[in-house]
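Just below is one structure, and these are the notes that go with it.
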Number of protein chains: 2
Amino acid sequence: MSDVGLKSDETVVEGEASRDVTDLILNDILAGLLLPGTWLKQIDLEKRYGCTRPEVRRALDRLAQKRLVEHVPNRGYHVYEPDGRRAAEVSDIRIILETAIAGEIIANASPDSIQKLRALAKRFDQTILLGTMLELYEANLAFHRELLTLGGNKELVELITEIRQRTSSAPVSQWRTRARIEQSGREHHLMINAIEAGDVEELKRLTIRHIRQS
Amino acid sequence: MSDVGLKSDETVVEGEASRDVTDLILNDILAGLLLPGTWLKQIDLEKRYGCTRPEVRRALDRLAQKRLVEHVPNRGYHVYEPDGRRAAEVSDIRIILETAIAGEIIANASPDSIQKLRALAKRFDQTILLGTMLELYEANLAFHRELLTLGGNKELVELITEIRQRTSSAPVSQWRTRARIEQSGREHHLMINAIEAGDVEELKRLTIRHIRQS
DNA sequence: GTTACCAAAATTGGCGCCAATTTAGGATAC
DNA sequence: GTATCCTAAATTGGCGCCAATTTTGGTAAC
């Protein structure tokens with residue numbers, strides 16, 4: 001009967017009404033507001049986001065396609081439980097792809113783009129102090145997207161952005177401690193240094209360590 | 001006014017009614033029945049597949065998410081035009097991933113799995129003679145999925161299966177001539193030989209050639 | 001006291017209708 | 001004869017209702 005973390009009489013989020021409900025729910029999952037396992041009752045989402053039933057259902061269907069929520073027919077939608085094996089596999093895929101384009105990244109890195117990367121890395125550092133978990137996640141994503149874009153393969157940028165989302169509860173489980181978050185911030189700068197120095201092998205080493213977080 | 005290749009009074013496809021409409025439309029796109037650029041009118045799909053309006057709309061929304069059809073608000077859905085750059089980028093991604101796991105494939109290849117691969121390769125060869133374009137596409141996919149599965153990363157298998165679909169009209173544009181199809185069939189056997197011989201570098205070379213088709 | 005069964009409440013999901021937008025065709029003015 | 005505006009047909013897309021299924025709570029039988 002009782003759902004976890006969702007109350008029917010909760011304050012309606014009246015943010016930009018034009019934005020799609022799918023993104024709103026996605027953000028709440030990524031922000032850790034909707035914890036893994038949470039039963040996403042349609043009537044509650046309807047009230048929470050101030051939208052209609054069909055909108056909710058379309059959003060849930062899309063999230064199920066993206067494998068962010070699990071759908072059991074006639075029994076509703078639940079936020080996916082974190083899966084250790086899947087997360088590890090996604091990490092392996094990221095390592096393969098991101099080390100493979102390390103050479104292209106360095107070859108295409110202009111002084112202009114390096115400056116852009118530094119700005120994004122700094123924004124990440126500042127968000128550690130001032131921002132929310134979701135903002136941190138987005139600042140991190142922005143840095144990595146800019147980095148991948150230098151590889152010159154747009155499809156690859158979108159692909160990695162997509163599979164990153166798939167390991168839901170990412171921001172929650174990814175950075176356990178503040179020390180680990182700050183380490184991530186430092187690694188961003190080290191990666192930029194490697195790019196500036198034109199050291200492909202060093203960039204690959206740093207990339208592996210950054211993704212594995214070990 | 002007039003849509004391309006779809007007629008309202010066309011015969012209703014009364015295949016397994018239980019299967020999802022999404023797959024039916026997907027198959028028709030992959031089979032080349034719905035050519036790139038085709039305007040997918042909801043009322044026509046409704047009649048063609050003998051289903052309701054909401055079912056059609058859900059299917060179109062899913063295909064739009066998968067980027068197989070293009071959606072312009074208030075102006076309907078169209079089958080994506082083939083994009084040379086995107087297709088090339090997807091090929092590059094496949095090459096990176098499939099060469100990266102060549103070592104694991106060989107390490108995990110048991111006599112049993114090699115036999116399975118041979119059977120699938122033969123099924124592809126036979127489908128060249130007897131089957132439709134869609135069956136050929138599926139036989140090819142089955143072989144490559146089995147190959148990738150040996151890599152041990154299930155997420156990677158699903159990922160590649162997914163991005164393969166994204167370059168729509170794949171079967172149509174992929175194998176232009178019968179000679180090229182037969183060449184693909186031969187390459188499958190060469191790849192199995194390389195696996196059996198434990199020659200990682202040869203498998204990588206063959207993989208690149210097979211994906212690039214040059 | 002425990003178990004099985006039944007009824008009622010709640011939730012999911014399918015379906016059709018109607019409004020909003022776009023497109024095509026025709027009439028009129030220049 | 002051509003361009004522009006207006007009207008009508010067609011298509012998309014939003015919304016609410018109702019049926020089907022599941023779950024819960026209570027009751028009765030053992």
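In what follows, chains carry the letters A, B, and so on, assigned in the order in which the sequence lines appear, proteins first and then strands, with residues in each chain numbered from 1.
Between the CD atom of A:E55 and the C1' atom of C:dG13 there is a distance of 17 Å, given to the nearest Å. Atom pair B:I43:CD1 and C:dT22:C1' shows a separation of 16 Å (rounding to whole Å applied). Put simply, CG on B:N74 is 17 Å from P on C:dA19, counting in whole angstrom units. Following rounding to the nearest Å, B:E46 (CD) and D:dA10 (P) show an atom-to-atom distance of 16 Å. Here the P atom of nucleotide C:dT22 and the NE2 atom of B:H78 are 14 Å apart, to the nearest Å. Rounded to an integer number of Å, the gap from CD of A:Q42 to P of D:dC15 is 15 Å. With rounding to whole Å, A:Y77 atom OH is found 9 Å from C:dT12 atom C1'.
A side-chain donor-acceptor contact under 3.5 Å links B:E55 to the backbone of B:T52. Although no hydrogens or angles enter the test, the distance criterion places no donor-acceptor pair under 3.5 Å between the side chain of B:E146 and the main chain of B:L120.
In this structure, A:T52 does not reach the D:dG14 phosphate: none of its side-chain N or O atoms is under 4.0 Å from OP1 or OP2. Checking the phosphate oxygens (OP1, OP2) of D:dT12, no side-chain nitrogen or oxygen of B:H71 falls inside 4.0 Å. The side chain of B:R53 contributes no N or O atom lying less than 4.0 Å from OP1 or OP2 of D:dT11. Listed pair B:R57 / D:dG14 meets the phosphate criterion, a side-chain N or O lying under 4.0 Å from OP1 or OP2. The side chain of B:W39 places an N or O atom within less than 4.0 Å of a non-bridging phosphate oxygen (OP1 or OP2) of D:dT12.
A cation-pi arrangement is absent between A:R166 and A:Y80, since the terminal nitrogen or guanidinium carbon is not both under 6.0 Å from the aromatic centre and inside a 45° cone about the axis.
Between B:F124 and B:H188, the two ring planes are perpendicular [angle over 60°; tilted spans 30° to 60°].
Side chain to side chain, A:D44 and A:Y49 fail the donor-acceptor criterion of an N or O pair below 3.5 Å.
Here the nucleotide nearest the side chain of B:K41, chosen from C:dC15, D:dC15, D:dT11, is D:dT11.
As judged by a 4.0 angstrom heavy-atom cut-off over every strand, A:R75 is placed among residues touching the sugar-phosphate backbone only.
Closest-nucleotide positions on DNA chain D for A:P73 and A:R58 were compared, and the one nearer the 5' end corresponds to A:R58.
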